[in-house]
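Presented below is the structure to which this report refers.
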Amino acid sequence: MSSQITITLPDGSERQLDQGATVGDLAASIGSRLAKAAVIGSVNGTERDLVWPLADGDQVSIITETDERGLYTIRHSTAHVLAQAVLDLFDGATFAIGPPVENGFYYDFELPDGGTFTPDDLERIDARMREIIKEHQPFIRDEITEAAALELFRDHKYKCEIIRGAAEDPMSATETGLVRTYENPPQFIDLCRGPHVGDTGRLGHFKLMRVAGAYWRGDEKNPMLQRIYGTAWPSKKELEAYLTRLEEAEKRDHRKLGVELDLFSFPEEIGSGLAVFHPKGGIIRRIMEDYSRARHEQAGYEFVYSPHITKSNLFEKSGHLDWYADGMYPPMELDGGTEYYLKPMNCPFHILIFGSGQRSYRELPLRLFEFGTVYRYEKSGVVQGLTRARGFAQDDAHIFCTLEQAPAELARALDFVLDLLRDYGLDDFYVELSTKPETKAVGTDEEWEEAIEVLRTVALDKGMTLVMDEGGGAFYGPKISVQARDAIGRTWQMSTIQLDFQLPQRFDLSYVGADNERHRPVMIHRALFGSVERFFAVLLEHYAGAFPAWLAPVQVRVLPVRDDHDEFARELVTQLKSAGFRADMVVADEPLGARIRKAKMEKLPYVLVVGDDDVARGTVGVNPRGGDVERDITIENFIARLSADVANHS
RNA sequence: GCCCGGGUAGCUCAGUUGGUUAGAGCGCCUGUCUUGUAAACAGGGGGUCAAGGGUUCGAAUCCCUUCUCGGGCUCCA
């Protein structure tokens, strides 16, 4: 009879441990560094606490703080400490759910009499949390009956809802009649599936970030709870790195850069969510649009235009008024009682263009493109800079084709958008596939399945990583959307491609086939920027305002050293302009250093300094953004260099 | 729309427990300086303190309403 048990590790090796050994003991037997880094273990595929006793024959892997699951455990345990602190400090407070999330955790609370947390409260809570951490309270797992749990949590109505199964909490799996809890003695206990760190002393590298409102169970009809968000990391270094990253992101916030670089603004006189583009922003935008137009022309798209307002019946027919009337600006009523709406989208107009005459299969695929300005009455709380505006231009295309042509057209459209996004400087993508919404959808399940399969096949054929987004489609069809990572690793939803069998039916579209019979076309909705304004914002943040030469509002600034170099500088600017570049100069009214500094703060790609030597020899001093100063460069060489930058989009 | 926190000069901000004509830096204008690679010097103009109402002898400051911005929730055709 052996007093040893045998454990199998992930690499297939085996280890002998004493009877009763725990996950933590196993980690310690492998090495002290592992024991220190260990957070939880995976025992036969289930995550367990470090104090979990092992049995002979278990397959175990040690999960450390560098593993995502380990990190999530640290965050989850920190959320428990937050809850303990709040319940401790606020009489009558009750708690709901508190999961780990990306970069941190949150916990939802309800304070008596509709109370709310203040920033000062956060400091007090933070201080109490650090005391709890110092106390090294263990996390003790238990399983109790539902009746016992209801008694234990009788003062906490949200917990009781979870125990009864009336509300879901991903963190507290309950089974029939059995409720799992974790206790931090002496006084805190929470419903929880676990696992958790060994004791609260394992935690500490956290920061409470903000207070926010959040509806119970995410439903706006439910009471609003007070949510406290925090961030938590395995080490101080990682916490600080995260906070630094937040600062970086804040520095490149397009709303801030838009003001600093004088690109656009949101005058209060116009209204929330409605932007004006200033001259410099206008140049960038115009070049973005011009390039897009040129590429669309090459790719066989035809350009159309449609008005900004339409009679209501158009959107009744399309179905948009059924689903999105709340999101539209209210109608203008004319004398005869006719209602006109600002258009929230362009599809029905393009459909009318398709339907304006009898179409032959020979005309298909018909690809209609428009920079169509649309207006959506976004709820006041969601408007955000250029990324969520109330008026914006879509680079909207609708491709009408036969069912048979659809897969090839979709593949072609996906290639096209990826290629074009790369030209704008984004090159790290994955694809999301959004399926039928639970409510808000028209068409049969079979039609939807068919369309989803087509999209799935197209995305997978491109070798793209595919992430499912269940229920995220438009009401008329599923969509694939390209997600792009920017320079600091954030992902943005960019282009969408949607396959639609519904609107052609609603508008009774047809074409005459080779068999001389009428057939129903299918429709592909496709936007590359989605919204020109939003794409502008993404690029602005991606480049942190340092636009590549092809997009930069001013590509070259010429600075004469003294005012007797002004004439040479002026001629140089004229020469650059006639070569097609955007150049300006700043006369020598203030020291060169000051003028250089201003140009750098404007993030210009090139500053040219011209002085005595340059006037004598016809050269320039080149000060490139992010590079070293080069002297005595001939004008020809500089022009060749700038031309190459523009051509390469670099 | 809901919860929390803001709104002072073009920008970034200061403005004690309510107390004279509301300040600074940058930017802007004028003058001086004549400059070789990230801030020359001097002077000047600029704010009905988001708007409206209230409390008070007195409001940028306290209260209410509206507008608006930020962080979240919900939403995003």
Side-chain angles (χ1 to χ4, degrees), chain A residues 106 108 114 116-119 121-122 209-229 250 253 255-256 259-260 262 265-273 315 318-328 343-348 374 376-385 387-389 394 437 440-441 472-477 479 493 496 498 500 503 525 527 530-531 534 559-566 587-601 607-614 620-624 628-632:
Chain A
Y106 67 79
D108 286 347
T116 58
F117 294 110
T118 66
D121 290 336
L122 282 191
M209 303 299 284
R210 61 181 66 94
V211 187
Y215 299 108
W216 167 234
R217 297 170 61 193
D219 187 330
E220 61 183 327
K221 291 180 204 74
N222 286 337
M224 180 156 282
L225 307 176
Q226 296 296 307
R227 174 171 299 178
I228 295 177
Y229 278 97
E250 202 176 321
D253 186 311
R255 291 164 298 194
K256 191 174 154 76
V259 173
E260 286 172 9
D262 193 20
S265 61
F266 290 91
E268 286 206 13
E269 293 85 341
I270 299 177
S272 177
F315 289 119
S318 70
H320 289 96
L321 267 175
D322 289 345
W323 305 121
Y324 297 107
D326 286 351
M328 291 166 68
K343 67 172 171 183
M345 30 109 62
N346 305 296
C347 329
V374 299
R376 297 179 180 180
Y377 191 74
E378 300 288 1
K379 287 196 274 185
S380 60
V382 309
V383 171
Q384 206 210 26
T387 52
R388 193 84 180 268
Q394 293 183 310
K440 281 197 184 183
F475 73 86
Y476 47 73
K479 72 177 179 197
Q493 177 176 318
T496 63
Q498 295 165 278
D500 176 10
L503 292 181
H525 303 245
S531 139
R534 198 179 109 91
L559 301 178
V561 174
R562 263 193 332 272
D563 58 7
D564 48 342
H565 308 125
D566 279 4
V587 297
D589 271 349
E590 56 188 337
L592 182 63
R595 288 177 287 150
I596 298 265
R597 180 168 186 272
K598 280 172 190 162
K600 292 294 177 189
M601 291 199 298
V607 177
L608 301 185
V609 174
V610 292
D612 290 334
D613 300 347
D614 302 295
V620 296
V622 179
N623 186 334
D628 295 330
V629 171
E630 301 158 51
R631 292 284 299 270
D632 306 318

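Order of the sequence lines sets the chain letters (A, B, ...), proteins ahead of strands, with each chain counted from 1.
- B/G54 and B/G25 have their C1' atoms separated by 37 Å, given to the nearest Å.
- Side-chain N/O atoms of A/N346 and A/Q394 include a donor and acceptor closer than 3.5 Å.
- One can find a donor-acceptor pair under 3.5 Å joining the base of B/G1 and the side-chain atoms of A/Y215.
- The nearest heavy atom of RNA chain B to A/R562 and to A/G273 marks one nucleotide each, and the one closer to the 5' end goes with A/R562.
- Rounded to whole Å, the separation between the C1' atoms of B/G6 and B/G45 comes to 30 Å.
- Partner assigned to B/U21 is none, using Watson-Crick or G-U wobble distances below 3.5 angstrom.
- If you check distances only, the side chain of A/R388 does reach the base of B/C75 with a donor-acceptor pair under 3.5 Å.
- Note: CH2 (A/W323) to P (B/C76) measures 12 Å, nearest angstrom.
- A/W323 and A/A441 get closest at one heavy-atom pair: CZ2-N, 3.8 Å.
- The one candidate from A/V629, A/N623, A/L592 that meets the side-chain contact (heavy atoms from CB on, under 4.5 Å) condition with A/V607 is A/N623.
- Rounded to whole Å, the C1' atom of B/G43 lies 41 Å from the corresponding atom of B/G5.
- Remark: B/C67 base-pairs with B/G7. Criterion, Watson-Crick or G-U wobble with two distances under 3.5 Å.
- Between A/Q384 and the phosphate of B/C76, there is no side-chain N or O to OP1/OP2 separation shorter than 4.0 Å.
- Considering only the side chain of A/Q226, B/C3 comes nearest among B/C73, B/U74, B/C3.
- If you take CZ of A/R217 and C1' of B/C2, they are 18 Å apart, rounded to a whole angstrom.
- Rounded to whole Å, the C1' atom of B/U34 lies 14 Å from the corresponding atom of B/C41.
- Distance noted for atom P between B/C49 and B/U20: 15 Å (whole Å).
- With A/R562 as the fixed residue, the side-chain contact (heavy atoms from CB on, under 4.5 Å) test singles out one of A/D612, A/V610, A/V587: A/D612.
- A gap of 30 Å separates the P atoms of B/C64 and B/G47, to the nearest Å.
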Query raised in the report: Going 5' to 3' along nucleotides 36-51 of chain B, which nucleotides have protein heavy atoms under 4.0 Å from the base (write B), which only from the sugar-phosphate (write S), and which from neither (write -)?
Result: BBBBB-----------
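- Between the P atoms of B/G7 and B/A51, the separation comes to 13 Å (whole Å).
- In this model, a donor atom of one side chain and an acceptor atom of the other lie less than 3.5 Å apart for A/R227 and A/Y229.
- Using a 4.0 Å cut-off between charged side-chain N and carboxylate O, A/D253 and A/R255 make a salt bridge.
- When distances are taken from the side chain of A/A212 to each of B/G1, B/G72, B/C76, the shortest belongs to B/G72.
- The side chain of A/Y377 contributes no N or O atom lying less than 4.0 Å from OP1 or OP2 of B/C76.
- When the C1' atom of B/U12 is taken as reference, atom CD of A/E250 falls 13 Å away, rounded to whole Å.
- In this structure, A/T116 does not reach the B/C3 phosphate: none of its side-chain N or O atoms is under 4.0 Å from OP1 or OP2.
- Computed from coordinates, the A/F266 CZ to B/G7 C1' distance equals 17 Å when rounded to whole Å.
- A 3.5 Å limit on both hydrogen-bonding distances identifies no Watson-Crick or G-U partner for B/G46.
- An OP1 or OP2 oxygen of B/C69 is reached within less than 4.0 angstrom by a side-chain nitrogen or oxygen of A/S272.
- Taking atom CD1 of A/I270 as the reference point, atom C1' of B/C69 lies 16 Å away to the nearest angstrom.
- Counting non-hydrogen atoms under 4.0 angstrom, A/Y106 reaches nothing in the nucleic acid.
- Residue contacts for A/R255: at a heavy-atom cut-off of 4.0 Å it reaches the sugar-phosphate backbone alone, with no base atom in range.
- The side chain of A/K256 places no N or O atom within less than 4.0 Å of a non-bridging phosphate oxygen (OP1 or OP2) of B/C11.
- In this structure B/C2 sits in a base pair with B/G72, meeting the Watson-Crick or G-U test at under 3.5 Å.
- Under the 3.5 Å distance criterion, with hydrogens and angles disregarded, no donor-acceptor pair is assigned to the side chains of A/D614 and A/H565.
- Nucleotides B/G46 and B/C4 place their P atoms 41 Å apart, quoted to the nearest Å.
- Remark: P of B/G72 and CG of A/L122 are 14 Å apart, rounded to the nearest angstrom.
- Using a 4.0 Å heavy-atom distance criterion, A/G319 is classed as making no nucleic acid contact.
- In terms of heavy atoms, A/Y476 sits closest to A/D500 at O-OD1, 3.3 Å.
- Whole-Å rounding puts the A/M345 CE to B/A77 P distance at 9 Å.
- A/E378 and A/R388 are joined by a salt bridge, as a carboxylate oxygen and a charged side-chain nitrogen come within less than 4.0 angstrom of each other.
- Listed by chain and residue number, A/D613 satisfy the salt bridge (Lys or Arg N to Asp or Glu O under 4.0 Å) test with A/R631 (two or more places apart in sequence, or in another chain).
- Of the listed nucleotides (B/C11, B/A77, B/C73), B/A77 has the atom at the smallest distance from the side chain of A/K479.
- With rounding to whole Å, A/M224 atom CE is found 16 Å from B/G71 atom P.
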